[in-house]
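Notes to accompany the following structure.
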Amino acid sequence: MWARGTVSPQTRQTAPRRFTLALGAPAPVRTSKLTVLVARFTIGSTQQLGHVLYERLGLKGGRKGKSGAYSTDVTELERLAGEGVECAKLVLDWRQLTKLKNTYTDALQAQINPETGRVHTSFSLAAAQTGRLASTDPNLQNIPIRTEIGRKIRDAFVAEPGHVLMSADYSQIELRLAAHMADVPALKDAFRAKADIHNLTAIELFGSEDRENRNKAKTINFAILYGISSWGLAGRLGVSREEGQAIIDRYFERFPGIRNYIAQTLTFARENGFTRTLFGRKTHFPNIDSRQQNLRQGAERAAINAPIQGTSADLIKRAMARMDGALESAGLEGVRMLLQVHDELVFEVPDGREEQAADVIRKVLADAAEPAIKLDVPLDVEVGWGSHWGAAHR
DNA sequence: TATCGACGCCAC
DNA sequence: AAACGTGGCGTCGATA
(Lines give C-alpha, C1' and ligand atoms only; values in the text may rest on other atoms or scores of the structure.)
Protein backbone atom coordinates (compact mmCIF):
# COMPACT_ATOMS: atom_id res chain seq x y z
CA MET A 1 0.00 0.00 0.00
CA TRP A 2 1.55 3.30 -1.01
CA ALA A 3 1.57 5.92 1.65
CA ARG A 4 1.81 9.59 0.83
CA GLY A 5 4.56 11.20 2.85
CA THR A 6 6.37 7.96 3.58
CA VAL A 7 7.09 6.93 -0.02
CA SER A 8 8.88 9.54 -2.05
CA PRO A 9 7.49 10.15 -5.54
CA GLN A 10 10.62 9.00 -7.37
CA THR A 11 10.47 5.60 -5.67
CA ARG A 12 6.98 4.97 -6.97
CA GLN A 13 6.92 2.37 -9.68
CA THR A 14 3.19 2.34 -10.23
CA ALA A 15 0.46 4.88 -9.82
CA PRO A 16 -0.79 5.30 -6.25
CA ARG A 17 -3.63 3.07 -5.24
CA ARG A 18 -6.77 5.01 -4.72
CA PHE A 19 -10.49 5.37 -4.50
CA THR A 20 -12.67 7.38 -6.79
CA LEU A 21 -15.21 9.55 -5.05
CA ALA A 22 -18.17 9.98 -7.34
CA LEU A 23 -18.21 13.70 -8.00
CA GLY A 24 -21.42 13.61 -9.98
CA ALA A 25 -23.43 12.08 -7.15
CA PRO A 26 -25.66 14.51 -5.28
CA ALA A 27 -24.51 15.35 -1.79
CA PRO A 28 -26.41 12.85 0.34
CA VAL A 29 -26.83 15.25 3.23
CA ARG A 30 -27.93 18.84 3.33
CA THR A 31 -28.16 20.89 6.50
CA SER A 32 -28.37 24.55 7.25
CA LYS A 33 -25.77 26.29 9.36
CA LEU A 34 -25.87 25.27 12.97
CA THR A 35 -28.36 27.21 14.96
CA VAL A 36 -30.96 25.19 16.76
CA LEU A 37 -33.65 27.01 18.62
CA VAL A 38 -34.63 25.26 21.83
CA ALA A 39 -37.68 26.96 23.26
CA ARG A 40 -36.50 30.54 22.95
CA PHE A 41 -32.80 29.85 23.51
CA THR A 42 -30.32 29.79 20.69
CA ILE A 43 -27.79 26.95 20.99
CA GLY A 44 -24.37 27.23 19.41
CA SER A 45 -22.26 24.67 21.25
CA THR A 46 -22.55 21.63 23.48
CA GLN A 47 -21.65 23.71 26.53
CA GLN A 48 -24.46 26.15 25.78
CA LEU A 49 -26.87 23.30 25.05
CA GLY A 50 -26.12 21.62 28.37
CA HIS A 51 -26.54 24.88 30.20
CA VAL A 52 -29.91 25.56 28.58
CA LEU A 53 -31.20 22.03 29.18
CA TYR A 54 -30.24 21.72 32.82
CA GLU A 55 -30.02 25.29 34.15
CA ARG A 56 -32.60 27.26 32.21
CA LEU A 57 -35.13 24.56 31.33
CA GLY A 58 -34.50 22.88 34.68
CA LEU A 59 -34.27 19.30 33.44
CA LYS A 60 -33.07 16.67 35.90
CA GLY A 61 -30.31 14.09 35.82
CA GLY A 62 -27.46 15.88 34.11
CA ARG A 63 -24.04 14.20 34.04
CA LYS A 64 -20.95 16.38 34.03
CA GLY A 65 -17.58 15.81 32.41
CA LYS A 66 -14.08 16.78 33.48
CA SER A 67 -14.53 20.41 32.54
CA GLY A 68 -17.59 20.62 34.74
CA ALA A 69 -19.97 21.12 31.82
CA TYR A 70 -23.11 19.06 31.45
CA SER A 71 -22.75 16.20 28.99
CA THR A 72 -24.99 16.34 25.96
CA ASP A 73 -23.76 13.16 24.32
CA VAL A 74 -26.01 10.66 22.60
CA THR A 75 -26.78 8.63 25.72
CA GLU A 76 -27.91 11.76 27.60
CA LEU A 77 -29.97 13.14 24.73
CA GLU A 78 -31.62 9.77 24.11
CA ARG A 79 -32.52 9.60 27.78
CA LEU A 80 -34.07 13.06 27.60
CA ALA A 81 -35.90 12.22 24.37
CA GLY A 82 -37.34 9.17 26.10
CA GLU A 83 -38.55 11.43 28.90
CA GLY A 84 -40.49 13.48 26.38
CA VAL A 85 -38.00 16.31 25.77
CA GLU A 86 -38.71 16.87 22.09
CA CYS A 87 -35.80 19.18 21.38
CA ALA A 88 -33.35 16.39 22.37
CA LYS A 89 -34.47 14.33 19.39
CA LEU A 90 -34.14 17.37 17.13
CA VAL A 91 -30.59 17.96 18.31
CA LEU A 92 -29.70 14.29 17.75
CA ASP A 93 -31.06 14.40 14.21
CA TRP A 94 -29.20 17.62 13.54
CA ARG A 95 -25.98 16.15 14.97
CA GLN A 96 -26.18 13.10 12.70
CA LEU A 97 -26.72 15.18 9.57
CA THR A 98 -24.03 17.77 10.28
CA LYS A 99 -21.59 15.01 11.26
CA LEU A 100 -22.06 13.27 7.94
CA LYS A 101 -21.95 16.47 5.92
CA ASN A 102 -18.97 18.11 7.62
CA THR A 103 -16.80 15.05 8.28
CA TYR A 104 -17.54 13.07 5.13
CA THR A 105 -19.52 14.68 2.30
CA ASP A 106 -17.70 18.01 2.31
CA ALA A 107 -14.31 16.93 3.67
CA LEU A 108 -13.88 14.00 1.28
CA GLN A 109 -14.76 16.02 -1.79
CA ALA A 110 -12.27 18.67 -0.66
CA GLN A 111 -9.66 15.89 -0.49
CA ILE A 112 -9.98 14.84 -4.12
CA ASN A 113 -6.58 15.07 -5.77
CA PRO A 114 -6.97 17.30 -8.84
CA GLU A 115 -4.31 15.34 -10.73
CA THR A 116 -5.87 11.93 -10.26
CA GLY A 117 -9.50 12.81 -9.57
CA ARG A 118 -9.33 10.46 -6.60
CA VAL A 119 -9.12 10.51 -2.84
CA HIS A 120 -5.78 9.25 -1.48
CA THR A 121 -5.26 8.37 2.17
CA SER A 122 -2.04 7.89 4.12
CA PHE A 123 -1.41 4.92 6.39
CA SER A 124 0.59 5.29 9.58
CA LEU A 125 2.39 2.06 10.42
CA ALA A 126 3.37 2.92 13.97
CA ALA A 127 0.48 4.99 15.33
CA ALA A 128 -1.66 2.45 17.16
CA GLN A 129 -0.14 0.79 20.25
CA THR A 130 -1.59 -2.57 19.25
CA GLY A 131 0.01 -2.66 15.81
CA ARG A 132 -3.04 -1.67 13.84
CA LEU A 133 -2.60 0.69 10.92
CA ALA A 134 -4.07 4.17 11.17
CA SER A 135 -5.47 6.08 8.20
CA THR A 136 -5.19 9.88 7.99
CA ASP A 137 -5.76 12.84 5.66
CA PRO A 138 -8.44 11.67 5.16
CA ASN A 139 -9.19 8.77 7.47
CA LEU A 140 -10.77 6.12 5.22
CA GLN A 141 -11.09 3.61 8.05
CA ASN A 142 -14.12 5.30 9.58
CA ILE A 143 -16.44 5.72 6.62
CA PRO A 144 -20.06 5.32 7.85
CA ILE A 145 -21.92 2.03 7.39
CA ARG A 146 -24.10 1.61 10.48
CA THR A 147 -27.09 3.77 9.53
CA GLU A 148 -29.04 3.93 6.30
CA ILE A 149 -28.17 7.54 5.61
CA GLY A 150 -24.54 7.02 6.63
CA ARG A 151 -24.24 4.11 4.24
CA LYS A 152 -24.93 6.48 1.36
CA ILE A 153 -21.45 7.92 1.96
CA ARG A 154 -20.00 4.49 1.19
CA ASP A 155 -22.02 4.37 -2.00
CA ALA A 156 -20.11 7.43 -3.24
CA PHE A 157 -16.91 5.34 -3.45
CA VAL A 158 -17.07 3.78 -6.90
CA ALA A 159 -14.88 1.52 -9.01
CA GLU A 160 -13.09 2.60 -12.16
CA PRO A 161 -15.17 1.86 -15.29
CA GLY A 162 -14.74 -1.80 -16.21
CA HIS A 163 -14.03 -2.74 -12.60
CA VAL A 164 -15.80 -3.61 -9.36
CA LEU A 165 -14.88 -2.89 -5.76
CA MET A 166 -14.36 -6.09 -3.81
CA SER A 167 -14.42 -6.27 -0.03
CA ALA A 168 -13.00 -9.21 1.92
CA ASP A 169 -13.36 -9.20 5.69
CA TYR A 170 -12.55 -11.56 8.52
CA SER A 171 -15.68 -12.77 10.27
CA GLN A 172 -15.56 -12.32 14.07
CA ILE A 173 -11.79 -12.47 14.02
CA GLU A 174 -11.18 -11.16 17.54
CA LEU A 175 -13.64 -13.57 19.14
CA ARG A 176 -12.06 -16.42 17.18
CA LEU A 177 -8.62 -15.39 18.40
CA ALA A 178 -9.93 -15.13 21.95
CA ALA A 179 -11.33 -18.65 21.65
CA HIS A 180 -7.92 -19.88 20.48
CA MET A 181 -5.72 -17.88 22.85
CA ALA A 182 -7.86 -18.50 25.92
CA ASP A 183 -8.40 -22.13 24.85
CA VAL A 184 -12.19 -22.25 25.27
CA PRO A 185 -13.48 -25.58 23.93
CA ALA A 186 -17.10 -24.46 23.70
CA LEU A 187 -16.18 -21.40 21.65
CA LYS A 188 -13.70 -23.23 19.45
CA ASP A 189 -16.29 -25.94 18.71
CA ALA A 190 -18.88 -23.31 17.91
CA PHE A 191 -16.62 -21.58 15.39
CA ARG A 192 -15.65 -24.89 13.82
CA ALA A 193 -19.36 -25.72 13.47
CA LYS A 194 -20.04 -22.27 11.96
CA ALA A 195 -22.51 -21.57 14.76
CA ASP A 196 -23.77 -18.08 15.59
CA ILE A 197 -21.50 -17.16 18.48
CA HIS A 198 -23.79 -14.52 19.97
CA ASN A 199 -26.68 -16.99 20.01
CA LEU A 200 -24.46 -19.50 21.79
CA THR A 201 -23.53 -16.90 24.42
CA ALA A 202 -27.19 -15.94 24.80
CA ILE A 203 -28.17 -19.55 25.43
CA GLU A 204 -25.34 -20.04 27.93
CA LEU A 205 -26.06 -16.86 29.86
CA PHE A 206 -29.81 -16.44 29.58
CA GLY A 207 -31.15 -19.79 28.37
CA SER A 208 -32.73 -18.17 25.33
CA GLU A 209 -31.60 -16.70 22.03
CA ASP A 210 -34.41 -14.24 21.37
CA ARG A 211 -33.32 -10.96 19.87
CA GLU A 212 -33.07 -9.08 23.14
CA ASN A 213 -30.90 -11.75 24.71
CA ARG A 214 -28.78 -12.08 21.57
CA ASN A 215 -28.13 -8.33 21.61
CA LYS A 216 -27.15 -8.47 25.27
CA ALA A 217 -24.86 -11.42 24.55
CA LYS A 218 -23.26 -9.51 21.70
CA THR A 219 -22.54 -6.57 23.99
CA ILE A 220 -21.00 -8.95 26.53
CA ASN A 221 -18.84 -10.71 23.95
CA PHE A 222 -17.36 -7.40 22.87
CA ALA A 223 -16.99 -6.23 26.46
CA ILE A 224 -14.92 -9.33 27.22
CA LEU A 225 -12.42 -8.40 24.52
CA TYR A 226 -12.09 -4.90 25.95
CA GLY A 227 -11.38 -5.78 29.58
CA ILE A 228 -14.75 -5.88 31.22
CA SER A 229 -15.87 -4.04 34.34
CA SER A 230 -19.20 -4.31 36.08
CA TRP A 231 -19.73 -0.54 35.79
CA GLY A 232 -18.98 -0.48 32.10
CA LEU A 233 -21.16 -3.45 31.25
CA ALA A 234 -23.98 -2.12 33.43
CA GLY A 235 -23.84 1.20 31.60
CA ARG A 236 -23.98 -0.50 28.20
CA LEU A 237 -26.81 -2.86 29.11
CA GLY A 238 -28.78 -0.31 31.11
CA VAL A 239 -28.81 -2.46 34.23
CA SER A 240 -27.50 -1.98 37.76
CA ARG A 241 -23.86 -2.52 38.59
CA GLU A 242 -24.84 -5.57 40.66
CA GLU A 243 -26.66 -7.10 37.68
CA GLY A 244 -23.67 -6.32 35.49
CA GLN A 245 -21.40 -8.13 37.94
CA ALA A 246 -23.79 -11.10 38.06
CA ILE A 247 -23.68 -11.41 34.26
CA ILE A 248 -19.88 -11.28 34.27
CA ASP A 249 -19.75 -13.96 36.98
CA ARG A 250 -22.06 -16.18 34.96
CA TYR A 251 -19.97 -15.65 31.81
CA PHE A 252 -16.78 -16.70 33.58
CA GLU A 253 -18.59 -19.72 35.03
CA ARG A 254 -19.60 -20.84 31.54
CA PHE A 255 -16.27 -19.96 29.90
CA PRO A 256 -13.60 -20.38 32.60
CA GLY A 257 -10.86 -20.29 29.95
CA ILE A 258 -11.57 -16.59 29.44
CA ARG A 259 -11.13 -15.84 33.14
CA ASN A 260 -7.85 -17.76 33.17
CA TYR A 261 -6.63 -15.95 30.04
CA ILE A 262 -7.34 -12.57 31.62
CA ALA A 263 -5.61 -13.52 34.85
CA GLN A 264 -2.56 -14.94 33.10
CA THR A 265 -2.31 -11.98 30.74
CA LEU A 266 -2.39 -9.51 33.64
CA THR A 267 0.18 -11.48 35.63
CA PHE A 268 2.51 -11.55 32.64
CA ALA A 269 2.01 -7.82 31.96
CA ARG A 270 2.74 -6.92 35.61
CA GLU A 271 5.89 -9.05 35.70
CA ASN A 272 7.25 -7.97 32.30
CA GLY A 273 5.66 -4.61 31.53
CA PHE A 274 4.42 -5.82 28.16
CA THR A 275 2.21 -8.38 26.44
CA ARG A 276 2.86 -10.32 23.24
CA THR A 277 0.75 -11.23 20.23
CA LEU A 278 0.66 -14.83 18.99
CA PHE A 279 3.47 -13.88 16.61
CA GLY A 280 5.56 -12.43 19.44
CA ARG A 281 5.15 -8.69 18.89
CA LYS A 282 5.15 -6.70 22.13
CA THR A 283 2.93 -3.93 23.41
CA HIS A 284 4.27 -2.08 26.47
CA PHE A 285 2.20 -0.91 29.46
CA PRO A 286 4.21 1.54 31.57
CA ASN A 287 1.15 2.29 33.74
CA ILE A 288 0.43 -1.33 34.66
CA ASP A 289 1.89 -0.68 38.17
CA SER A 290 0.73 2.92 38.56
CA ARG A 291 -0.45 3.99 42.00
CA GLN A 292 -3.14 6.02 40.23
CA GLN A 293 -6.09 3.70 40.04
CA ASN A 294 -7.57 5.14 36.83
CA LEU A 295 -4.23 4.87 35.00
CA ARG A 296 -3.56 1.38 36.32
CA GLN A 297 -7.00 0.03 35.51
CA GLY A 298 -6.87 1.59 32.07
CA ALA A 299 -3.55 -0.16 31.44
CA GLU A 300 -5.04 -3.45 32.65
CA ARG A 301 -7.94 -3.25 30.22
CA ALA A 302 -5.61 -2.33 27.36
CA ALA A 303 -3.31 -5.24 28.29
CA ILE A 304 -6.23 -7.67 28.15
CA ASN A 305 -7.19 -6.39 24.69
CA ALA A 306 -3.76 -5.88 23.10
CA PRO A 307 -2.80 -9.54 22.45
CA ILE A 308 -6.12 -10.12 20.68
CA GLN A 309 -6.35 -6.89 18.71
CA GLY A 310 -2.62 -7.05 18.01
CA THR A 311 -2.74 -10.63 16.72
CA SER A 312 -5.57 -9.62 14.40
CA ALA A 313 -3.38 -6.75 13.16
CA ASP A 314 -0.46 -9.15 12.63
CA LEU A 315 -2.65 -11.53 10.64
CA ILE A 316 -4.02 -9.00 8.18
CA LYS A 317 -0.53 -7.53 7.68
CA ARG A 318 0.80 -10.99 6.86
CA ALA A 319 -2.02 -11.38 4.36
CA MET A 320 -1.29 -7.97 2.83
CA ALA A 321 2.39 -8.78 2.47
CA ARG A 322 1.53 -11.96 0.54
CA MET A 323 -1.38 -10.61 -1.45
CA ASP A 324 0.29 -9.09 -4.52
CA GLY A 325 2.46 -12.16 -5.05
CA ALA A 326 -0.52 -14.46 -4.77
CA LEU A 327 -2.54 -12.37 -7.20
CA GLU A 328 0.35 -12.25 -9.62
CA SER A 329 0.85 -16.03 -9.45
CA ALA A 330 -2.80 -16.43 -10.34
CA GLY A 331 -2.48 -14.16 -13.36
CA LEU A 332 -4.45 -11.41 -11.63
CA GLU A 333 -2.08 -8.48 -12.07
CA GLY A 334 -5.08 -6.26 -12.85
CA VAL A 335 -6.36 -6.58 -9.30
CA ARG A 336 -5.27 -3.74 -7.02
CA MET A 337 -5.35 -3.75 -3.24
CA LEU A 338 -6.67 -0.32 -2.31
CA LEU A 339 -7.44 -0.14 1.37
CA GLN A 340 -7.22 -1.85 4.75
CA VAL A 341 -9.86 -1.34 7.43
CA HIS A 342 -8.51 -3.44 10.33
CA ASP A 343 -10.31 -6.68 9.47
CA GLU A 344 -11.19 -5.84 5.86
CA LEU A 345 -9.29 -5.40 2.60
CA VAL A 346 -10.78 -3.53 -0.36
CA PHE A 347 -9.73 -4.23 -3.94
CA GLU A 348 -10.43 -2.96 -7.43
CA VAL A 349 -11.05 -5.95 -9.70
CA PRO A 350 -11.47 -6.01 -13.50
CA ASP A 351 -14.93 -7.11 -14.64
CA GLY A 352 -15.05 -10.85 -15.26
CA ARG A 353 -12.27 -11.68 -12.78
CA GLU A 354 -14.43 -11.51 -9.67
CA GLU A 355 -14.71 -15.20 -8.80
CA GLN A 356 -11.05 -15.86 -9.50
CA ALA A 357 -9.93 -12.90 -7.43
CA ALA A 358 -12.28 -13.78 -4.58
CA ASP A 359 -10.82 -17.29 -4.37
CA VAL A 360 -7.23 -16.01 -4.15
CA ILE A 361 -8.01 -13.23 -1.70
CA ARG A 362 -10.07 -15.50 0.56
CA LYS A 363 -7.29 -18.08 0.71
CA VAL A 364 -4.51 -15.60 1.46
CA LEU A 365 -6.53 -14.11 4.33
CA ALA A 366 -7.69 -17.46 5.69
CA ASP A 367 -4.15 -18.88 5.67
CA ALA A 368 -2.45 -15.78 7.08
CA ALA A 369 -1.37 -17.47 10.32
CA GLU A 370 0.49 -20.24 8.51
CA PRO A 371 3.08 -21.59 8.69
CA ALA A 372 4.10 -19.84 11.91
CA ILE A 373 0.94 -20.59 13.91
CA LYS A 374 -1.58 -23.41 13.75
CA LEU A 375 -4.87 -21.92 14.91
CA ASP A 376 -7.47 -24.13 16.61
CA VAL A 377 -10.24 -22.18 14.87
CA PRO A 378 -10.76 -21.51 11.16
CA LEU A 379 -10.51 -17.93 9.91
CA ASP A 380 -13.66 -17.32 7.90
CA VAL A 381 -13.54 -14.62 5.22
CA GLU A 382 -16.61 -12.95 3.74
CA VAL A 383 -16.16 -11.61 0.22
CA GLY A 384 -18.51 -9.36 -1.69
CA TRP A 385 -18.31 -6.99 -4.64
CA GLY A 386 -20.23 -4.37 -6.54
CA SER A 387 -19.93 -1.14 -8.47
CA HIS A 388 -19.55 0.83 -5.24
CA TRP A 389 -18.15 0.17 -1.78
CA GLY A 390 -21.56 -0.02 -0.11
CA ALA A 391 -22.59 -2.82 -2.49
CA ALA A 392 -19.48 -4.86 -1.67
CA HIS A 393 -20.77 -5.72 1.82
CA ARG A 394 -23.25 -8.55 1.52
C1' DT B 1 -3.29 32.60 12.03
C1' DA B 2 -1.92 28.49 14.47
C1' DT B 3 -2.40 25.34 18.29
C1' DC B 4 -4.47 23.12 22.10
C1' DG B 5 -7.89 20.61 25.23
C1' DA B 6 -12.55 19.26 25.68
C1' DC B 7 -16.33 17.27 23.68
C1' DG B 8 -18.64 14.46 20.61
C1' DC B 9 -18.96 10.71 17.14
C1' DC B 10 -17.54 7.92 12.94
C1' DA B 11 -15.19 3.17 12.16
C1' DC B 12 -13.28 -1.71 13.60
C1' DA C 1 -13.49 9.78 39.97
C1' DA C 2 -14.14 6.59 36.26
C1' DA C 3 -16.87 3.60 34.49
C1' DC C 4 -15.28 -2.04 28.00
C1' DG C 5 -10.24 -1.77 23.62
C1' DT C 6 -7.84 0.88 19.09
C1' DG C 7 -7.87 5.05 16.25
C1' DG C 8 -8.92 10.26 13.42
C1' DC C 9 -11.30 14.41 12.95
C1' DG C 10 -15.00 18.15 13.22
C1' DT C 11 -16.48 22.23 16.19
C1' DC C 12 -15.99 25.28 20.01
C1' DG C 13 -13.55 28.27 23.04
C1' DA C 14 -9.24 29.73 24.89
C1' DT C 15 -4.69 31.09 24.08
C1' DA C 16 -0.34 32.36 21.77
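Chain identifiers are assigned alphabetically (A, B, ...) following the order of the sequence lines, protein sequences preceding nucleic acid strands; residue numbering begins at 1 within each chain. Computed from a predicted structure; not experimentally measured.
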If you look at every strand shown and take non-hydrogen atoms under 4.0 Å, does [X] touch a base, only sugar-phosphate, or nothing?
X        : result
A/Ala69  : nothing
A/Ser312 : nothing
A/Ser124 : nothing
A/Asn142 : base
A/Arg296 : nothing
A/Ile224 : nothing
A/Ala223 : base

With a 4.0 Å cut-off on N to O distance, would you call A/Arg192 and A/Asp189 a salt bridge?
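Yes.
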Using 4.0 Å as the upper bound for N to carboxylate O, is an ion pair formed by A/Glu243 and A/Arg236?
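Salt bridge flag = no for A/Glu243 with A/Arg236.
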Below 4.0 Å: OP1/OP2 of [N] and any side-chain N or O of [X]:
X        : N      : result
A/Ser71  : B/dG8  : yes
A/Thr46  : B/dA6  : no
A/Arg146 : B/dC10 : yes
A/Gln309 : C/dG7  : no
A/Arg95  : B/dG8  : no
A/Arg132 : B/dC12 : no

Which of the following nucleotides, [options], is nearest to the side chain of [X]?
X        : options               : value
A/Pro144 : B/dC10, C/dT6, C/dA2  : B/dC10
A/Trp231 : B/dC12, C/dG7, C/dA3  : C/dA3
A/Arg301 : C/dT6, C/dG10, C/dG5  : C/dG5
A/Lys99  : C/dA1, C/dT6, C/dC9   : C/dC9
A/Val341 : C/dA3, B/dC12, B/dA11 : B/dC12
A/Ala302 : C/dG5, C/dC9, B/dG8   : C/dG5
A/Ala128 : C/dT6, B/dC12, C/dG8  : C/dT6

Starting at [atom1] of [X] and ending at [atom2] of [N], how long is that distance when rounded to a whole Å?
X        : N      : atom1 : atom2 : value
A/Leu225 : C/dG7  : CG    : P     : 16 Å
A/Leu100 : C/dG10 : CG    : C1'   : 12 Å
A/Asp93  : B/dG8  : CG    : P     : 18 Å
A/Leu140 : C/dC9  : CG    : C1'   : 13 Å
A/Glu382 : B/dC12 : CD    : P     : 13 Å

Kindly say whether, by distance alone, the side chain of A/Gln297 makes a donor-acceptor pair under 3.5 Å with the base of C/dA3?
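No.
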I'd like to know if the side chain of A/Arg281 reaches the main chain of A/Gly310, judged simply by a donor and an acceptor atom lying under 3.5 Å from each other, with no hydrogens or angles considered.
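At least one qualifying donor-acceptor pair exists.
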CD of A/Gln356 to CD1 of A/Ile361: how many Å apart, nearest 0.5 Å?
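One gets 10.5 Å once the value is rounded to the nearest 0.5 Å.
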Rounded to the nearest 0.5 Å, how far does CZ of A/Arg336 lie from NE2 of A/His163?
8.0 Å
With a cut-off of 6.0 Å (strictly less than), are more than 12 heavy atoms of other residues, nucleotides or ligands near CD of A/Glu86?
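Counting other residues, nucleotides and ligands, CD of A/Glu86 stays at 12 neighbours or fewer.
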